[in-house]
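So the structure is just underneath, and the comments pick up after that.
Quantities reported herein were computed from a predicted structural model and do not represent experimental measurements.
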Amino acid sequence: MKPLKELLGNLAYTCERGCEDRPVTAVVYDSRKAKEGCLFVCIRGANFDGHSAAGQAVERGAKALVVSGPVQLPPDCDVTVIRVEDTRYALAFLAAAWFDHPAEKLTSIGVTGTKGKTTTTYLVKSILENAGRRVGLIGTIETIIGDDHIHAVNTTPESYVLQEYLYRMVEAGCDTVVMEVSSQALMLHRTQGFVFDFGIFTNLEPDHIGPNEHADFGEYLRCKGMLFGQCRVGIVNCDDAHWEEVVKGHTCSLETYGLSEGAMLRAQDLSFTNDQGRLGMAFRTTGLLEMDAQISMPGRFSVYNALTAMAICRHFSVSKEDIKRALLSAGVRGRIEPVKVSDDFTLLIDYAHNAMALESLLSTLKEYGHGRIVCVFGCGGNRSRERRFDMGEVSGRLADFTVITSDNPRFEEPEAIIGDIVTGIRKTDGAYVTICDRKEAIAYAIDHGQPGDIIVVAGKGHEDYQEIRGVKYPMDDRMLVADILRERDCKN
């Protein structure tokens, strides 16, 4: 229980009704969870306005409301009404106060950008833990608090949940948190209520533009840039064409990294490595940190991810040996993840689920100059058909052979989705086959693997389900591969 006035301490507000000097038993933003003595924050969402449920919350026992518009209340109710300009913004500060400002007890690192956020956060966690730090992680795949792994619903959770996670990290003995910060989270003020010690920008390409996301690329860019008004030190990829626009109006100090000459931390002398089918990159850094390094993930974008992590971790006085060891051992579930199936060829599982990501991945793998590139993928249902056409065209153009299969069909017929992908691939002269069952498709690629091949199973990455007509059925590409290999062993 906390005094309402204490929770409101960092907010501009007007008390429109009742008394500010009353105790609060909980902070709630879902009216169904309202209980006796709670503070209910009326949030406007894409499909529901919490202001319409204010009366219901009061009937359930709420004694204080935070609003940004009019509400209808039961007659003669004993309730305090606090008006603010933006209730989402207010919720972040209320939640931070409710959990006793946990971010102030942690060193906080926020990573934003179109690509590379997930991999970078895991690399940072690996490097800092190699150096003895206790690191919590919040991101697209999961939240990690000590030994607890919590499945993620959003890349960046709602502000109340975020503050609760930070509080739990402090209780678990963590001294650092590294988290992905989505543009949506910045737009919806989920990361307000505290200041990041480090804010990182990886890159920017058109994405997340459409209904319930961003109106246009300009808004997407501006939302990414909000991080640099909410951090003390900004670390940015100066090779990205948009970086100066992203940091425009920043209030933090700035450092840059990249492959270009102007970068304060620069990677040079890149070379491709292949350790018994495990693809990677070797490089040398100059400027703010001078050392040789190697990462067990393929491609130039992996160098950028490693460089981002190094730019962050140098602020923690991590030794070069700790950095080297962590980069070699780090791996991220579903991000160019190698799965051993044969001594003759390589199989990788990756989350690439749009044309931009698939093109980047396949272009990278072609640089290794080995055998064929075989791409196994499908597309999600109830999503843009253009994505299917584009992904089909990309795979037809860059892969030597494509196996088109099912992903998450949702409420569409898998065959119809596959037909759209075929429309795209037929714009090229790429060879392909269609196999609707995903396990059968992966088995086909493995059974037809040739020496030197790189087989990419794309689209689902870390996901462990297949969504069909509103139901999520267990399905994990790693488990499918394991089942296929086990069945082959039984036959032999």
Side-chain angles (χ1 to χ4, degrees), residues 1-45 49-108 136 138 145 156-174 177 185 188-197 230:
M1 192 175 295
K2 291 181 183 292
L4 174 60
K5 198 160 189 175
E6 180 183 316
L7 297 180
L8 295 167
N10 291 325
L11 285 171
Y13 67 91
T14 303
C15 183
E16 293 194 334
R17 171 177 173 160
C19 174
E20 302 163 59
D21 294 316
R22 70 187 313 160
V24 168
T25 60
V27 175
V28 177
Y29 57 97
D30 181 340
S31 61
R32 295 167 297 184
K33 297 180 180 179
K35 61 183 183 179
E36 185 62 35
C38 77
L39 166 65
F40 176 62
V41 186
C42 300
I43 300 294
R44 285 193 175 93
D49 186 352
H51 290 78
S52 66
Q56 179 187 351
V58 172
E59 289 173 352
R60 288 175 175 267
K63 295 301 181 184
L65 304 175
V66 175
V67 305
S68 60
V71 291
Q72 290 188 343
L73 302 176
D76 302 321
C77 62
D78 175 25
V79 64
T80 297
V81 178
I82 302 294
R83 180 181 282 267
V84 296
E85 183 176 344
D86 187 322
T87 53
R88 280 194 179 276
Y89 181 85
L91 177 61
F93 285 88
L94 293 165
W98 179 256
F99 288 106
D100 294 322
H101 304 282
E104 295 178 3
K105 305 175 182 75
L106 299 163
T107 300
S108 52
I138 300 172
I145 305 172
T156 312
E158 184 55 80
S159 58
Y160 182 91
V161 178
L162 172 59
Q163 292 294 334
E164 182 179 14
Y165 285 163
L166 297 177
Y167 172 79
R168 288 176 58 182
M169 288 177 187
V170 172
E171 292 294 294
C174 294
V177 57
L188 298 177
H189 307 303
R190 292 175 186 164
T191 57
Q192 285 289 352
F194 69 100
V195 177
F196 285 97
D197 291 293
Q230 296 175 220

Val58 and Cys77 have their tightest heavy-atom pair at CG1-CB, 4.0 Å
Any salt bridge between Asp78 and Arg17, counting N to O under 4.0 Å?
no
Decide yes or no on side chain to side chain contact (heavy atoms under 4.5 Å, CB included) for Asp100 and Lys105, but give the supporting numbers first.
CA-CA 10 Å; Asp100 294 322; Lys105 305 175 182 75; 4.2 Å; yes
Is there side-chain contact between Phe196 and Thr191, with heavy atoms separated by less than 4.5 Å?
yes
Spatial distance of atom NZ (Lys63) from atom SG (Cys19) [nearest 0.5 Å]
13.5 Å
Looking only at heavy atoms, what is the nearest atom pair of Thr156 and Ala185, with distance?
CB-CB, 3.4 Å
How far does CZ of Phe93 sit from CZ of Phe194, to the nearest 0.5 angstrom?
10.0 Å
Identify the heavy atoms of Ala54 and Leu73 that sit nearest to each other, and give their distance.
CB-CD2, 4.2 Å
Ser68 and His51, any side-chain heavy atoms less than 4.5 Å apart
yes
When you compare the side chain of Leu91 with that of Ile43, does any pair of heavy atoms fall below 4.5 Å?
yes
Within the structure provided, determine whether Leu8 and Lys5 are in side-chain contact (heavy-atom separation under 4.5 Å).
no
Do Pro157 and Ile138 have side chains that approach each other closer than 4.5 Å (heavy atoms only, starting at C-beta)?
yes
Under 4.5 Å between any side-chain heavy atoms of His189 and Ser159, yes or no?
no
With side chain to side chain contact (heavy atoms under 4.5 Å, CB included) as the criterion, how do Leu65 and Val79 come out once you've worked through the C-alpha distance, each side chain's angles and the decisive distance to 0.1 Å?
CA-CA 7 Å; Leu65 304 175; Val79 64; 3.9 Å; yes
ring-ring contact (aromatic ring centres under 6.0 Å, His included) with Tyr160: which of Trp98, Tyr165, Phe99, Tyr167?
Phe99
Is any side-chain heavy atom of Asn10 closer than 4.5 Å to one of His101?
yes
Check step by step if side chain to side chain contact (heavy atoms under 4.5 Å, CB included) holds for Arg22 and Thr80.
CA-CA 9 Å; Arg22 70 187 313 160; Thr80 297; 3.1 Å; yes
Of the non-hydrogen atoms in Pro23 and Met1, which two are nearest, and what is the gap between them?
CB-SD, 3.4 Å
Does the pair Leu106 and Cys174 meet the rule for a side chain to side chain contact (heavy atoms under 4.5 Å, CB included), with working shown?
CA-CA 7 Å; Leu106 299 163; Cys174 294; 4.2 Å; yes
Gly50 and Phe40 have their tightest heavy-atom pair at O-CE2, 3.6 Å
Closest contact, heavy atoms only, Cys38 versus Val24:
C-CG1, 4.3 Å
Taking Asp86 for its side chain and Tyr89 for its backbone only, find out whether a donor-acceptor pair lies under 3.5 Å.
yes
Determine whether a donor-acceptor pair (N or O, by modelled atom type, separation under 3.5 Å) exists between the side chain of Ser108 and the backbone of Val177.
no
Around atom CD of Glu6, are there more than 12 heavy atoms of other residues, nucleotides or ligands at under 6.0 Å?
yes
Glu158 bridged to Arg88 by N-O distance under 4.0 Å:
yes
Looking at side-chain heavy atoms only, is the closest gap between Ile82 and Thr14 below 4.5 Å?
no
